[in-house]
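To start, the structure under review is shown below, and the notes come after it.
Bear in mind the structure is a predicted one, so any value in this text is a computation, not a measurement. The figures here come from the full heavy-atom set of this structure, side chains too, leaving out hydrogens, waters and symmetry mates. Throughout, a chain's letter reflects where its sequence line sits, starting with A, and its residues are numbered from 1.
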Amino acid sequence: MPAYDFKKIEKKWQQYWEKHKTYGASNDAIKPKFYGLVEFPYPSGEGLHVGHPRSYTALDVICRKKRMEGFNVLLPMGWDAFGLPAEQYAVKTGTHPAVITKKNIATFKRQLQALGMGFDWSREVDTTDSEYYRWTQWIFLQLFKQGLAYKATAAINWCLSCKIGLANEEVVNGACERCGGPVEKRDKEQWMLRITQYADRLIDDLHYLDYIEPVKVQQRNWIGRSEGARIKFPLPDITEPEFGGDHFQNFLEVFTTRPDTIFGATYMVIAPEHPLITKLASSIKNKVAVKNYVEKARGKSDLERTDLAKEKTGVELKGIRARNPLTDEDIPIWVADYVLPHYGTGAIMAVPAHDSRDYAFAKKYKLPMKIVTCPHYPSPTCPVLKDAYEGDGHNIESDFLNGLPTSEAKQKIIAWLEEQGVGSREVQYKLRDWVFSRQRYWGEPIPMVHCEKCKDKSKYGDGWMPLPEDALPLKLPEIKKYEVADTGESPLSKIPAWVKTTCPECGGAAKRETDTMPNWAGSSWYFLRYAAPHDTKFFSHTEWQKEEIQPDDLDKRLFALLKCIKTLFSAHDIPFWIAGSLMMNGLNRKLWRHMHDIDMFVRGSDWERILEFLRADGFIIHEEHNGWNRVEKDGCQVEICPATPLEGELYTHLRHGQEQVLHRYDLELAERGWLWGVPFRTISPTYMLRFYRFLRDKFPKTRDKEADRQKMEFLEAYLANPLNYWMPVTWYNGGMEHTTLHVLYSRFWNKFLFDIGAAPTSEPYEKRTSHGMILAKGGEKMSKSKGNVVNPDDIVAAHGADVFRAYEMFMGPFDQAAEWNPRGLIGVSRFLQKVWGIGLSLRGATPRGDEAIPRGKGDVRNLTRLLHQTIRKVTEDIESMHFNTAISALMQCSNEMQKAEGVTAEQFKIFLQLLSPFAPHMAEELWSTIGEKGSITHAAWPVFDPELAREEKIELVIQVNGKVRDKIMMPADISVEDARRTALASEKVQKWLAGKEPADVIVVQGRLVNVVIT
RNA sequence: GGGCAGGUGGUGGAAUGGUAUACACGUCAGUCUUAGGAACUGAUGCCGCAAGGCGUGUGGGUUCGACUCCCACCCUGCCCACCA
């Protein structure tokens, strides 16, 4: 038996795939799409890390399965190639960043191809390619034109060692996320993106996305929406003319989430940066003390300011008091750095009895406390105060709020404040605008020019002029020195030829922007580019803007499209229906509401009502039956699975015979003219339209030719844009660390692009999952400095790509961190060797040989049963990302095949199909060895047959008081009564009973009997 | 301090409220081999000669039956952290 020569065989198939474009995704297929996405890597000098392939293999496995299930799969790859390391390397060596980047990309690509990843390399993108960043710049221009990009002087986070301004998201515990170095605040003119304008939608739309819960929670917390009130506290002492003289116009405004505790506000606190301090300097009696404190606080870095949090400090503003509008008491105002300048109004009303921070501060400075929320109402056990009580309760000592529970008190006080004109309901966010400038060379140039002359004339104001779109791409100039000036200016600022330019508006002399974009820019829209990587028109497709459809959100757009399609279908008398329960998921739930003006959507109980709406609307509806949707007409019967974790089963289930897949089945039915179904969630509008085009010739009758022609014009334009087919991404896997950065940023950009009609959906990713990190032995992170990095090349050289892939999937639960353990590779290696041996022994078996039993003679029924159980297990496990148990099921299967007296070629083929997503090279080789032609990639995924998987015998477990005492082999369909009788007759049970009658006997059918003895 | 995830053999880890430890590593024994290795077969939670007992971080609870559900606590990891 020839040993498995993985070097030769893996190379052979990699070449085959490349030559036959096996993983190329077609933009025109009449097939449902599946768009799998993994985060494209930054091509670092270190080459591929073993962590990268964990995510890549996972989605490759999923995509391979989807292909076999009949989906048109897109799994692309590209390079997020702008970034600091290449630039730092350039500073050190003088090599142009583009040179080293190109070299690194080549290494990454070679490594990925050696792993047998089924990427569509024809769609490779590179963010540093000017034909790519042309569109990054285009997006920036659109953001600017919509008022979402603006220049502002802001205290930004400046990393001293990287010499770069950082976004808030990039500062970790007051230190630079990248280098860990200290970060200080610097005032600098920066480009900012108004992501805060999308805060509500970024939170609200999470609701209908299929993201893993931790991602949703982190994004919600990061955006940090809190609802409360803005309240004005009058400053009765202030009578300065510039404040109007009338003391009721002078006030200190605060934001609070607990307006109900306002009767307990005994003092106020403002941040050291609060403008009141300078404005009212003349009224402050202890100016020196206040000034000293403010200066000291401002000098602290974020790190110090939060680190020193243990002991709160502050100074009272003597000479100014605020009046609590509810108690009419005058209360002191303090300056303290525990109040943040950028959140809310930079000032708070302090309620020491009900806020732990205020409590700590009040205790230290002996300020009064007043309890106004009582948890034990009406029994007055409250006045003992060991700590702030922050929970809910009933109001006491609060005048007209007395006796009200917290939630009602909140509503009542806000209403009162609004009535009196001293406050209003207010929503606050933690999220800040995105600092978008970097004073760096190796990034996308910001396509803006500053013109003094146009300062006042321009519609944009302040003199910043956008370049015209036909001036894009604005390419990076060649430079000699990559160092950042100590002033913090970008290297581009030192090139006069770059800086000096002309104004696109007036043609006069102007200055070019010298900052570049952060490396988050290119990755914020790359998933769109994969749909049409070489399209020179790309975002300029404007079919949505032309139609009468005035989209303001995704659902209305889809609805409009759907109506359009429906009209066409009915004009041709083609019955049209939508699989209802498929629409109940995610995106489509909202769509449903728009279609029927249902305000509340209730799953299940509302079902019949919804069906009525649809029937009235001319849809032909199926019934839901045991979770499967059944349609009957003319004696023909179709079942459609509602959206389940096993969505793919829909396609396998619908297969007619071994070869057919869903879309072919659909065509067949449609040609017979009685039915056409759209499981909406998995089939895009593009798919529907392709069907329409296909069908309209077969149904020549039209009611309104002109309307048909007009609609078709729109629909053809719609079809011509591949974005409409591929978006949104069906399944996106990546690291948790990108949750509040990349994922949030790209959702923001995609929403913006959607709003201007450039992207077809308001959300970029339907589903987001995350993998655990791969750690070095000992549970440490792998790092160059620790010398514990495992290089994928070494593993592939020693064991082959299939072993590497399967091991990464086998090493532990996919969503949890896993330690790299070379011993584990051996187990996987043995497993594949075993499969190879079995495969070779079947060589020459007849391809359709269901009688051939080349490994001896005997009962093949047991193996078939196990195989069908394995089909089910592997199918489910891949879908739920339980790859480790899927592989363990395959191992059990191979162990049994080895022991079995006979294995047929048919049986082994099923096994190979299940194995192929994990070990594609070996599967291909054995597939052809066994006599199959072509690639296993396009073989149909095996169909689980419950009948064949059914066990005939079971081991009936017999318990006494819940403890196992006996096991007896019994037929699987043993009746409850027989099981009971068998159990009681068992010798062991008789012994435990010792002549007594059992108190109870519990029988779990087909499993166990529990005899209860008291 | 808050949120989330997790705690099971010597190790990585399996278990719709129903046989705890599947699968794999390691270890031990055997077969084959000049030898080493590989491969194959079998054994392998702990205590006990056995009958049996004890076992899923700790302590309670619900249940005929709990790794699984509920309550309290301890520990580990990740994320956030003076956000009013």
Side-chain angles (χ1 to χ4, degrees), chain A residues 3 172-173 212-215 217-218 220-222 224-226 228 254-259 261 265 269 271 305-310 312 336-340 342-351 354-358 360-361 390 428-432 736-737 739-740 772-773 775 779 807 810-813 815-828 830-831 833-834 837 882 884-895 898-899 954-967 991 998-1014:
Chain A
V172 176
N173 291 332
I212 51 169
E213 209 46 37
V215 171
V217 169
Q218 270 190 41
R220 271 191 213 110
N221 290 345
W222 187 261
R225 175 161 65 191
S226 48
V254 301
F255 172 74
T256 177
T257 53
R258 290 294 302 272
T261 62
V269 188
R305 217 158 136 171
T306 47
D307 232 35
L308 294 171
K310 284 159 207 152
K312 288 191 170 37
D337 66 4
Y338 83 89
V339 170
L340 302 171
H342 303 295
Y343 187 76
T345 61
I348 61 157
M349 64 174 205
V351 186
H354 303 293
D355 181 287
S356 58
R357 294 152 304 178
D358 297 344
F361 190 78
E390 295 183 318
Q428 280 289 329
Y429 304 91
K430 284 195 237 177
L431 185 73
R432 315 271 174 75
M736 271 317 280
E737 70 275 18
T739 303
T740 52
M773 250 196 303
L775 304 169
Y807 171 63
F810 184 65
M811 61 196 299
D815 56 354
Q816 281 167 40
E819 271 179 43
W820 185 267
N821 180 4
R823 295 239 63 107
L825 281 161
I826 292 170
V828 176
R830 282 180 194 156
F831 159 59
Q833 292 293 341
K834 190 179 290 181
H882 294 134
N884 54 335
T885 49
I887 290 179
S888 110
L890 289 169
M891 285 173 166
Q892 283 176 58
C893 215
S894 72
N895 289 344
Q898 182 136 63
K899 281 184 218 158
I954 52 148
E955 200 178 39
L956 186 69
V957 172
I958 296 164
Q959 297 183 335
V960 175
N961 287 344
K963 290 211 160 70
V964 180
R965 297 300 176 192
D966 204 358
K967 295 170 186 180
K991 198 179 120 195
D1000 199 359
V1001 180
I1002 284 131
V1003 182
V1004 180
Q1005 187 142 34
R1007 277 183 181 272
L1008 61 73
V1009 181
N1010 189 13
V1011 179
V1012 185
I1013 302 171
T1014 41

Would you check if [X] and [Y] make a side-chain contact, meaning some heavy-atom pair closer than 4.5 Å?
{"X": "Y807(A)", "Y": "F831(A)", "result": "no"}
{"X": "M736(A)", "Y": "V215(A)", "result": "yes"}
{"X": "I348(A)", "Y": "D358(A)", "result": "yes"}

TODO: Look at the rings of F361(A) and Y338(A) and say which category their plane angle falls in: under 30° parallel, 30 to 60° tilted, over 60° perpendicular.
DONE: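 Rings of F361(A) and Y338(A): tilted, as their planes differ by 30° to 60°.
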Task: Range-with-range stems for RNA chain B, at least three Watson-Crick or G-U pairs under 3.5 Å - done: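 Stem list for RNA chain B: B:1-7 with B:74-80, B:10-12 with B:23-25, B:26-31 with B:39-44, B:45-47 with B:52-54, B:57-61 with B:69-73.
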- [ ] Report the nucleotide, chosen from A14(B), A81(B), C64(B), that has the shortest atom-to-atom distance to any side-chain atom of P813(A).
- [x]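 Of A14(B), A81(B), C64(B), A14(B) is nearest to the side chain of P813(A).
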Open item on the list: Counting only side-chain heavy atoms from C-beta out, which of G18(B), C23(B), G3(B) sits nearest to F810(A)?
Closed with: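 Shortest atom-to-atom distance from the side chain points to C23(B).
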Open item on the list: Can you say whether a donor on the side chain of Q959(A) sits under 3.5 Å from an acceptor on the base of U19(B), or the other way round?
Closed with: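 Side chain to base: no pair below 3.5 Å.
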Task: K834(A)/N895(A) under side chain to side chain donor-acceptor pair (under 3.5 Å): CA gap, chis, key distance, verdict - done: CA-CA 8 Å; K834(A) 190 179 290 181; N895(A) 289 344; 2.6 Å; yes
Open item on the list: Whether R965(A) contacts G53(B) is assessed here as follows: a side-chain N or O lying under 4.0 Å from the phosphate OP1 or OP2. Is that the case?
Closed with: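 Yes.
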Task: N895(A) side-chain N/O to A24(B) phosphate OP1/OP2 under 4.0 Å - done: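 Looking at the OP1 and OP2 atoms of A24(B), one of them is under 4.0 Å from a side-chain N or O of N895(A).
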Task: Chi class for G9(B): syn within 90° of 0, otherwise anti - done: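 Syn.
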